[in-house]
Amino acid sequence: MDPRNLTRVSEFHLLGLSDKPELQPLLFGLFLCMYLITVLGNLLIILAVSSDSHLHTPMYFFLSNLSLVDICFTSTTIPKMLLNIQTQSKAITYAGCITQMYFFIFFALSDDFLLSVMAYDRFVAICHPLQYTVIMNPRLCGLLVLVSFIISALDSLLQCLMVLRLSFYPDLEIPHFFCDLNQMIQLASSDNFLNNIVIYFATVLLGGGPLTGILYSYSMIISSIRAIPSAQGKYKAFSTCASHLSAVSLFYGTMLGVYLSSAGIHSSQSNATASVMYTVVTPMLNPFIYSLRNRDIKGALKRFFA
């Protein structure tokens, strides 16, 4: 290995979703619209929750944090992609790549943990309704969000420090529209065995843990709903967690689909295209999921604009 590799790396090149010049204006317009819809939709959720005292509950507190994380999540990748298309440049600095990777991992994990926390909130609301206000007190809600952010920040820092120990060839081309951790590790010129081990354990621990919590919460919720005698009562109980269940299915379904397709399709360009589902489409659809079938949110938005 050439010891000068690491010191000479000043920038990488993001190949994006397509190298065809005629597709660049179309990609720019499409992703600009998706980004604006994502920011506007999630911002409206935050404004509705913060402006309406009726929505100052644990469920909507977590929802507003999820919306904030979704805005930041898309903002780590899409603006840089749009800038590269507009300037017809594929370059990103080494420091910029590491920074982008850090915030991407941080907000992706925060999204994961917040969905798990929201599942716990629905579990307490349906399975222990009489103790809900006691258990889900403001202190616990704030603590759950804070712990989610701290764990996400620590894992992001660990992953980036592990990447910093790797060496790369100058003018490296990354077949993606952002600095993806897996792509970076596979393209390193030095041994990446330890990095792969760390990623594997982090995925099992920080990905599998929240998912297990969500599955357990919903298994208990379903058991409680089945015990409700009236059909109307069952429908009312299920409707309180239908939006969250849709968001969870969308988040984990798209992410799982990307990684399953990555295992089956050995084209990096196809993997980059599939990644659009959970990096752009999911954060864009979350506001629609939580607002279209939620009378409280729609009512708060009407009062806000009135």
Atom CZ in Phe104, atom CG in Leu181: separation rounded to 0.5 Å?
9.5 Å
Does Asp296 have any salt bridge (Lys or Arg N to Asp or Glu O under 4.0 Å) partners at least two apart in sequence or in another chain, and if so, which?
none
Start with the C-alpha gap between Ile199 and Gln159, add the side-chain angles, then the distance that decides, and say whether side chain to side chain contact (heavy atoms under 4.5 Å, CB included) holds.
CA-CA 8 Å; Ile199 290 177; Gln159 298 294 352; 3.5 Å; yes
Carefully, step by step, assess Phe177 and Val276 under the rule side chain to side chain contact (heavy atoms under 4.5 Å, CB included).
CA-CA 9 Å; Phe177 63 95; Val276 173; 3.9 Å; yes
Compare all side-chain heavy atoms of Asp111 with those of Leu66 and state whether any distance is below 4.5 angstrom.
yes
Should Ser75 and Phe103 count as side-chain neighbours, where that means a heavy-atom distance under 4.5 Å?
no
Are Leu158 and Ile197 grouped together when hydrophobic residues (ILVMFWY) are joined by side-chain heavy atoms under 4.5 angstrom apart?
no
If you look at every heavy atom in Leu187 and Phe168, which pair is closest and at what distance?
O-CD2, 4.2 Å
Could you walk me through whether Val145 and Leu114 pass the side chain to side chain contact (heavy atoms under 4.5 Å, CB included) check?
CA-CA 7 Å; Val145 172; Leu114 284 174; 4.1 Å; yes
Phe113 vs Leu206, side chain to side chain contact (heavy atoms under 4.5 Å, CB included): CA-CA, chis, key distance, verdict:
CA-CA 8 Å; Phe113 280 116; Leu206 303 180; 3.9 Å; yes
One should read off an interatomic distance between Met81 CE and His176 NE2, to the nearest 0.5 angstrom, of 10.5 Å
Option from Asp191, Asn192, Asn195 for which side chain to side chain contact (heavy atoms under 4.5 Å, CB included) with Arg165 holds:
Asn195
Quick one: pull up CZ in Arg122 and CD1 in Ile214 and give me the separation to the nearest 0.5 Å.
14.0 Å
Residue pair Leu164 / Ile98, side-chain heavy-atom distance below 4.5 Å
yes
Working to the nearest 0.5 angstrom, can you tell me the gap between Ile225 CD1 and Met220 CE?
12.0 Å
Polar side-chain atom of Asn42 near backbone of Pro283 as donor-acceptor pair, under 3.5 Å:
yes
Test item: Phe62 and Met136 side chains (from C-beta on) under 4.5 Å apart, heavy atoms
yes
hydrophobic_cluster_shared for Leu30 and Ile85, side chain cutoff 4.5 Å
yes
Are the side chain of Ser116 and the backbone of Asp112 linked by a donor-acceptor contact shorter than 3.5 Å?
no
Any disulfide bond (SG atoms under 2.5 Å apart) involving residues 149-197? Give me the pairs, sequence neighbours left out, ordered by first then second residue.
Cys97-Cys179
Looking only at heavy atoms, the pair that brings Met34 and Val280 closest together is CE-CG1, 3.4 Å
Nearest heavy atoms of Asp155 and Ala202, plus distance in Å:
OD1-CB, 3.5 Å
Write out all pairs satisfying side-chain hydrogen bond (donor to acceptor under 3.5 Å, both in side chains) with one or both partners inside residues 204-231, taking only residues at least two apart or from two chains.
Tyr218-His244
Side chain proximity check, Phe28 to Leu82, heavy atoms < 4.5 angstrom:
yes
Could you tell me whether a side-chain N or O of Gln24 sits under 3.5 Å from a main-chain N or O of Gln86, the two making a donor and an acceptor?
no
Return the CG to CD distance between Leu15 and Gln183, rounded to the nearest 0.5 Å.
9.5 Å
Check Phe73 against Tyr278 and note the closest heavy-atom contact, atom names and distance.
CE2-O, 3.4 Å
Pairwise distance CD(Gln100) to CD1(Ile105) - rounded to 0.5 angstrom:
10.5 Å
Decide if atom NE2 of His54 counts as having more than 12 heavy atoms of other residues, nucleotides or ligands within a radius under 6.0 Å.
no
Which atom names give the shortest non-hydrogen contact between Met59 and Tyr132, and what distance separates them?
N-OH, 4.0 Å
Do Asp19 and Lys90 make a side-chain contact, defined as non-hydrogen atoms from C-beta onward lying under 4.5 Å apart?
yes
Could you see if Ile151 belongs to whatever hydrophobic cluster contains Leu154? Use Ile, Leu, Val, Met, Phe, Trp, Tyr and a side-chain cutoff under 4.5 Å.
no
Do Leu157 and Val198 land in one hydrophobic cluster if side-chain heavy atoms of ILVMFWY residues count as linked below 4.5 Å?
no
Are any non-hydrogen side-chain atoms of Phe106 and Thr76 less than 4.5 angstrom apart?
no
Ser67 side chain to Leu43 main-chain N or O, any donor-acceptor pair under 3.5 Å?
no
For Met284, does its backbone N or O pair with a side-chain atom of Asn286 as donor and acceptor, under 3.5 Å?
no
Crowding at CD, Gln88 (>12 non-hydrogen neighbours, <6.0 Å)
no
Shared hydrophobic cluster for Leu215 and Phe251 (ILVMFWY, side-chain gaps under 4.5 Å):
yes
For the pair His13 (side chain) and Ile174 (backbone), establish whether a donor and an acceptor sit closer than 3.5 Å, ignoring hydrogens and angles.
no
Which pair of non-hydrogen atoms, one from Tyr290 and one from Ile297, has the smallest distance, and what is that distance?
O-CG1, 3.8 Å
Can you check whether Asn65 reaches Val117 side chain to side chain, under 4.5 Å on heavy atoms?
no
